[in-house]
Q: 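Attaching a single structure in structure tokens format; questions to follow.
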2 protein chains.
Amino acid sequence: MKPRAALLTIGRLAEAVGVNVETIRFYQRKRLLREPPRPLGGIRHYSAEDVARVKFIKAAQRIGFSLNEIHHLLRLNEGMQCDAAAELATHHLQDVRTRLQDLRRMEVTLANLLDQCHRGGKKVACPLIAALQTNKVEAS
Amino acid sequence: MKPRAALLTIGRLAEAVGVNVETIRFYQRKRLLREPPRPLGGIRHYSAEDVARVKFIKAAQRIGFSLNEIHHLLRLNEGMQCDAAAELATHHLQDVRTRLQDLRRMEVTLANLLDQCHRGGKKVACPLIAALQTNKVEAS
DNA sequence: CTTGACTCCGTACCTTAGTACGGCAGTAAG
DNA sequence: CTTACTGCCGTACTAAGGTACGGAGTCAAG
């Protein structure tokens, strides 16, 4: 018999990524994940690609993208027309670069704070707020 | 007459940052913002510091922090005991660095995608998903 | 052939982060 | 004085992103 146990069911997929089974179903409903083939008796089975996809979704969320934006990003992945892709990518690239700057400032500031601490002051004054606005948040 | 017009009311604060008045009130309820002094007749007035604070909140949200995490970050700002601050900061610093890596990968990938496009392929194949998982995919 | 661990499905519920609503009060202009 | 802004307050509603629940089917092991 073929190793039925190796089949990637929804439960295993969820476990592999570290999310709830319901979350997988939810992503399917939201079309962030294709409906997988269900060869025998209606039990879905997934591929390694699906694992990667869900991991991508989770990573993208951590850096501040909404499911909606992630949906767009994922479409870039599946060979779309170049001009459309370029437009989307340009837009997201700018977005990503803004976030990078904010994150770098945050990094530097936290690192400085730690450094101050280790030099032995008992209290620290942390210009954390200044960190993210040095650049600007010009209201439109 | 004193320049009453220069008073930073809730409406002006909201406008300065580009958020809704209700959002400011909401942040106050959530203790992300102190209750400001209300000298005459109960009308709150805010300082430039409050503007900075709200801007910080918004910037931190864009890079993926929840209001809860932001609450912690803000507490770092107001001179706390060094050991406590150091622990918090260390934790957030790691977090920030992970996000930075993901964002950098995302940046490189999007930039490559654009580059491919400009070189004239009609369709593009974008290893976008690979981008965010390079760090840790030990999927069995 | 029963039992336990999954799976399937739809629906309901929960948390986070706001937004909107309606009633009341103070001030300023017409 | 009346009308028009704001501001104050509490409560209710919304949207996004899940989570939980209950009933039914499936499958491998005991």
Side-chain angles (χ1 to χ4, degrees), chain A residues 1-46 50 53-74 139, chain B residues 1-47 50 53-74:
Chain A
M1 295 298 126
K2 279 295 83 190
R4 178 70 57 89
L7 234 167
L8 197 48
T9 63
I10 195 168
R12 285 174 212 277
L13 168 58
E15 196 191 11
V17 186
V19 303
N20 200 304
V21 168
E22 307 298 325
T23 305
I24 304 293
R25 298 211 311 120
F26 175 72
Y27 289 168
Q28 270 158 198
R29 260 177 276 143
K30 289 276 170 155
R31 332 235 74 221
L32 285 161
L33 218 51
R34 49 152 207 167
E35 278 292 339
R38 311 164 55 160
L40 349 120
I43 290 180
R44 290 181 262 247
H45 69 279
Y46 298 84
D50 293 313
R53 209 172 160 99
V54 179
K55 282 190 176 171
F56 174 84
I57 293 171
K58 282 293 158 192
Q61 275 186 310
R62 277 196 300 276
I63 52 181
F65 288 98
S66 70
L67 290 188
N68 223 307
E69 291 168 319
I70 292 170
H71 189 78
H72 288 121
L73 288 170
L74 284 169
Chain B
M1 300 298 124
K2 284 292 77 194
R4 179 69 58 87
L7 236 165
L8 198 47
T9 64
I10 195 169
R12 283 173 214 276
L13 169 57
E15 196 190 12
V17 187
V19 303
N20 200 306
V21 168
E22 307 298 325
T23 304
I24 304 294
R25 295 215 311 123
F26 175 71
Y27 289 166
Q28 269 159 200
R29 260 177 276 145
K30 289 275 167 156
R31 331 234 74 220
L32 285 160
L33 218 51
R34 47 146 210 174
E35 279 291 340
R38 311 163 56 160
L40 350 120
I43 289 179
R44 289 181 264 249
H45 68 281
Y46 297 86
S47 65
D50 294 313
R53 210 172 159 97
V54 180
K55 281 186 179 176
F56 174 84
I57 295 172
K58 282 293 157 191
Q61 276 186 309
R62 278 195 299 278
I63 52 182
F65 288 98
S66 69
L67 290 187
N68 222 306
E69 291 168 319
I70 293 170
H71 188 78
H72 288 120
L73 288 170
L74 283 169

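A note on names: the letters A, B, ... follow the listed sequences, proteins ahead of strands, and every chain is numbered from 1. Predicted model only: the values in this text are computed from it and were never measured.
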Q: Establish, with yes or no, whether the OP1 or OP2 oxygen of D:dG17 is under 4.0 angstrom from a side-chain nitrogen or oxygen of A:Tyr27.
A: no
Q: Any chance you could measure B:Glu15, atom CD, to B:Thr9, atom OG1, to the nearest 0.5 Å?
A: 9.0 Å
Q: Rounded at 0.5 Å granularity, tell me how far NZ in B:Lys58 sits from OH in B:Tyr27.
A: 3.5 Å
Q: Spell out, as yes or no, whether a donor-acceptor pair under 3.5 Å connects the side chain of B:Arg34 to the backbone of B:Asp50.
A: no
Q: What pairs of nitrogen or oxygen atoms, one from the protein and one from nucleotides 10-12 of chain C, lie under 3.5 Å apart?
A:
{"residue": "C:dG10", "atom": "N7", "partner": "A:Arg25", "partner atom": "NH2", "Å": "3.2"}
{"residue": "C:dG10", "atom": "O6", "partner": "A:Arg25", "partner atom": "NH2", "Å": "2.9"}

Q: Atom CD of B:Gln28 and atom C1' of D:dC8: how far apart are they, to the nearest Å?
A: 11 Å
Q: Could you tell me whether the side chain of A:His71 reaches within less than 4.5 Å of the side chain of A:Leu67, counting heavy atoms only?
A: no
Q: In whole Å, I'd like the distance from the CG atom of A:Leu67 to the C1' atom of D:dG18.
A: 9 Å
Q: Does CZ belonging to B:Arg31 count more than 12 external heavy atoms closer than 6.0 Å?
A: no
Q: For the atom pair CD1 (B:Ile10) and CD (B:Gln28), what is the distance rounded to the nearest 0.5 Å?
A: 5.5 Å
Q: Using atom CZ of B:Arg62 as one end and atom C1' of C:dG18 as the other, report the distance to the nearest whole Å.
A: 16 Å
Q: Provide, to the nearest angstrom, the distance between the NE2 atom belonging to A:His45 and the P atom belonging to C:dC6.
A: 19 Å
Q: Measure from the side-chain heavy atoms of A:Gln61 and tell me the nearest of D:dT19, D:dG17, C:dT19.
A: D:dG17
Q: Using OP1 and OP2 only, check whether a side-chain N or O of B:Thr23 sits under 4.0 Å from C:dA17.
A: no
Q: Given D:dT19, C:dC8, C:dG18, which nucleotide is nearest the side-chain atoms of A:Arg38?
A: C:dC8
Q: If only side-chain N and O atoms of B:Thr9 are considered, is one of them under 4.0 Å from the OP1 or OP2 phosphate oxygen of D:dT6?
A: no
Q: Nearest whole angstrom, please: distance from the P of C:dG18 to the NZ of B:Lys30.
A: 10 Å
Q: Give the rounded distance in Å between these two atoms: CD1 of B:Ile24 and P of D:dC8.
A: 11 Å
Q: Measuring from the side chain of B:Asn20 (C-beta onward, heavy atoms only), which nucleotide among C:dT7, C:dA20, C:dA17 has the closest atom?
A: C:dA20
Q: Rounded to the Å, how far apart are A:Leu32 CG and D:dA16 C1'?
A: 12 Å
Q: Between D:dG17, C:dC9, C:dA17, which nucleotide has the shortest distance from any of its atoms to the side chain of A:Arg44?
A: C:dC9
Q: Rounded to whole Å, please give me the gap between CZ in A:Phe26 and P in C:dC13.
A: 18 Å
Q: Checking the side chain of A:Arg12 only, and the main-chain atoms of A:Leu7 only, is there a donor and an acceptor separated by less than 3.5 Å?
A: yes
Q: With nearest nucleotide decided by heavy atoms, which residue, B:Val19 or A:Glu35, maps closer to the 5′ end of DNA chain C?
A: A:Glu35
